Amino acid sequence: MNIIRNIFERNSRCMIAGLALMGAGLFASCASDDGNYDYSAREVISVDIANAYTVEQFDNLVVKPKVSTMEGHSADDYSYMWQMWNSASVHPDTLSRELNLDAKIKSPAGEYYLELEVKNKKSETVVSTLRKTLYVINSFSVGLAILSDVDGGSEITFINSMGTVSENVYETVNGKKCPRGPVAIGFMGNHENIIPMICIGTKEGSVLTNSDDFTYFGPLDDMVYFPSGTCVFQAVGRDNWGMREYAIINGGFHQRGIGWEDTPYLMFDARDGGNGYDLAPFVIMYSTSSTPMGFDKITRSFIYNYFGEDILPVTVPGSTDLFNPNDMQADLMYATAFPAEGDNKYSDYEYVRGVMKNDDGSLYAIGAMKEDGYDDNWNSFYTLTPTHRASLPAGCTCFAASAYEHNFMYCAKGSTLYCVSLVTGNTLSTLDLGQNIDCMKFDENVPTLLYVAVSDGSCKSKSGSMIYLNVDASGTATEIARFSNICGKVVDMVNK
């Protein structure tokens with residue numbers, strides 16, 4: 001239980017994730033409460049509850065507090081009132097007037113305050129008020145969206161944060177099939193002013209759905225100024241302040257300034273930098289900078305998008321003995337970025353991690369430090385300094401790296417998951433998952449949680465499964481949950 005709590009503890013803007021299969025149906029983010037009391041001056045009562053709870057809409061929220069009182073008092077000397085509300089509530093919803101809470105939650109999905117007020121029955125004095133966080137979820141509000149190939153078609157499966165699985169979501173919700181030839185899936189509009197959507201990219205075009213329920217919104221083409229042909233969505237990324245969002249569509253960068261617009265359905269700008277480049281499907285950025293990096297498949301080099309205008313080569317300030325970012329002579333198979341620290345207060349720093357494939361099929365992992373900023377004279381620069389290179393097992397087909405241990409690269413060959421150190425080049429651990437590994441990604445908010453999709457390779461309905469792994473500081477991965485036969489062959493996934 002402690003392992004699950006540690007793995008699924010989210011930051012303040014995210015849900016507390018849990019797994020219904022563990023038998024509880026409800027998970028709390030911690031075991032006890034250490035404060036947030038409003039005591040009277042004359043008597044002390046301690047009410048022990050968790051800091052946060054998650055419950056599915058229309059399920060019962062069950063909380064059984066532990067009460068400790070001062071000598072001469074008991075729990076029966078007090079009255080109790082449970083209430084919940086959020087900023088949209090006209091008035092609080094009273095859930096119960098009993099100490100032990102067992103109430104059906106009908107409120108819409110969202111984040112709420114959960115409050116327990118304790119009064120002395122005789123004096124009617126409030127002796128304790130505890131205000132905690134309650135996350136109400138529905139089938140699609142928070143969890144993992146999975147895009148898989150089923151006989152060439154595009155199928156969506158969703159696993160919510162309580163472990164509830166919904167299969168064939170797009171067709172079930174919309175009464176029609178998703179376009180064929182699955183390519184990528186992404187979560188867009190992660191800002192309070194912009195309507196959040198799920199974008200499903202396919203070879204036949206891309207569709208947008210409402211994030212909360214997967215209802216059809218429209219084609220991506222209608223959200224892009226001057227699209228270059230039918231829009232095939234490939235990837236999306238944003239800075240960690242959520243000010244700018246970049247999508248790779250048809251191999252080109254498209255941006256929109258979501259942080260300062262109040263247009264709910266803000267469109268993406270026309271393709272940045274013209275048509276003289278073709279990006280690999282990775283938006284390589286994390287920092288507060290509005291300057292994403294990518295990899296041009298034509299020149300086989302790392303480039304950056306200068307304020308949504310020019311596509312420029314990165315500057316390499318040091319040695320290129322490990323590799324030359326301006327002339328890789330290899331194809332980029334995977335890339336990501338994590339926050340880093342540096343000496344220049346006018347710069348944003350990121351660790352960049354990636355995997356390259358040589359023309360002979362051999363693979364190697366790369367590490368680099370990206371710096372995007374200004375010098376003392378306010379001249380802008382964008383540098384990529386190689387720091388690591390390590391060979392990977394031959395024949396690996398999918399890859400993942402995490403901010404938790406950014407010098408580890410996870411890669412998969414057949415049914416075997418490898419963890420390789422970028423520092424030593426040694427294989428630190430292996431794990432056989434029983435079926436061919438098709439796709440894997442780390443959770444965007446829980447850097448120790450690795451999602452791994454496996455299948456028998458047939459691309460048939462229910463031929464694929466999803467496995468949740470916990471990784472530790474040694475690179476060892478431990479299976480914590482498995483959802484068997486819920487999808488086809490997974491192409492991409494995104495957690496929201």
Side-chain angles (χ1 to χ4, degrees), residues 145 147 183-191 194 196-201 206 208 220 223-224 228 231-259 266 268-273 277-298 301-314 325 331-340 348-356 366 368 370 372 382 384 399-403 406 439 441-445 491-496:
L147 174 64
V183 173
I185 187 169
F187 179 46
M188 292 181 170
N190 189 20
H191 194 278
I194 307 297
M197 296 185 184
I198 295 291
C199 185
I200 305 168
S206 304
L208 294 165
L220 179 60
M223 290 286 288
V224 178
S228 54
C231 290
V232 177
F233 166 78
Q234 297 165 283
V236 67
R238 63 193 63 84
D239 63 77
N240 67 347
W241 279 3
M243 301 301 290
R244 283 186 179 272
E245 188 169 65
Y246 289 85
I248 297 179
I249 302 168
N250 298 346
F253 274 128
H254 294 258
Q255 66 161 317
R256 57 180 185 166
I258 62 176
L266 183 67
F268 284 93
D269 291 345
R271 181 183 175 113
D272 295 330
Y277 67 102
D278 184 15
L279 293 173
F282 307 100
V283 180
I284 310 170
M285 71 181 303
Y286 176 88
S287 71
T288 57
S289 164
S290 59
T291 312
M293 188 169 69
F295 185 83
D296 181 16
K297 295 190 292 184
I298 296 174
S301 64
F302 287 93
I303 53 88
Y304 68 100
N305 186 350
Y306 183 70
F307 289 101
E309 298 176 0
D310 298 321
I311 302 298
L312 302 174
V314 299
D331 296 324
L332 182 70
M333 307 303 293
Y334 169 78
T336 189
F338 311 115
D348 287 304
Y349 294 87
E350 296 178 15
Y351 296 116
V352 174
R353 298 294 180 260
V355 174
M356 308 302 303
I366 60 171
K370 180 171 77 68
D372 173 16
Y382 201 100
L384 189 65
F399 313 90
S402 165
H406 53 76
C439 183
K441 278 190 177 181
F442 275 96
D443 187 282
E444 293 184 8
N445 303 297
V491 172
D492 197 10
M493 63 185 93
V494 63
N495 65 285
K496 69 178 187 76

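Because the structure is predicted, anything quoted here is derived from the model rather than measured.
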Between atom [atom1] of [X] and atom [atom2] of [Y], what is the distance when rounded to the nearest 0.5 Å?
X    : Y    : atom1 : atom2 : value
I248 : I284 : CD1   : CD1   : 8.0 Å
I194 : I258 : CD1   : CD1   : 6.5 Å
Y246 : R238 : OH    : CZ    : 12.5 Å
H254 : C231 : NE2   : SG    : 6.5 Å

Does the side chain of [X] reach to within under 4.5 Å of the side chain of [Y], using non-hydrogen atoms?
X    : Y    : result
F187 : I198 : yes
I311 : N305 : yes
E444 : V494 : yes
L312 : Y382 : no
T291 : D348 : no
M356 : L332 : yes

Can you give me the closest heavy-atom contact between [X] and [Y], atom names plus distance?
X    : Y    : result
V314 : P325 : CG2-CB, 4.0 Å
P281 : A235 : O-CB, 3.5 Å
A401 : R353 : CB-CB, 4.3 Å
P292 : V283 : CB-CG1, 4.1 Å
S206 : G201 : OG-CA, 3.4 Å
D239 : M243 : OD1-N, 3.2 Å

Sort out for me which residue in K370, E350, M285 forms a side-chain contact (heavy atoms from CB on, under 4.5 Å) with M293.
-> K370
Candidate list L220, L208, N250, test side-chain contact (heavy atoms from CB on, under 4.5 Å), partner F233, passing option | L220
Can you label the angle between the F253 ring and the Y277 ring as parallel, tilted or perpendicular, going by 30° and 60°?
-> tilted
Under 30°, 30 to 60°, or over 60°: which ring-plane class applies to H406 and Y351, parallel, tilted or perpendicular?
-> parallel
Would you find a donor on one side and an acceptor on the other, under 3.5 Å apart, between the side chain of D269 and the backbone of R256?
-> no
With no hydrogens and no angle check, is any side-chain donor or acceptor of Q234 less than 3.5 Å from a backbone partner on V183?
-> no
Crowding at OH, Y306 (>12 non-hydrogen neighbours, <6.0 Å) = no
Which of these passes side chain to side chain donor-acceptor pair (under 3.5 Å) with K441: T336, N495, D492?
-> D492
Do K297 and D331 pass the side-chain contact (heavy atoms from CB on, under 4.5 Å) test, and can you show the C-alpha distance, the side-chain angles, and the key distance before you say yes or no?
-> CA-CA 7 Å; K297 295 190 292 184; D331 296 324; 5.9 Å; no
Evaluation steps, side-chain contact (heavy atoms from CB on, under 4.5 Å), between Y304 and L384 | CA-CA 10 Å; Y304 68 100; L384 189 65; over 6 Å; no
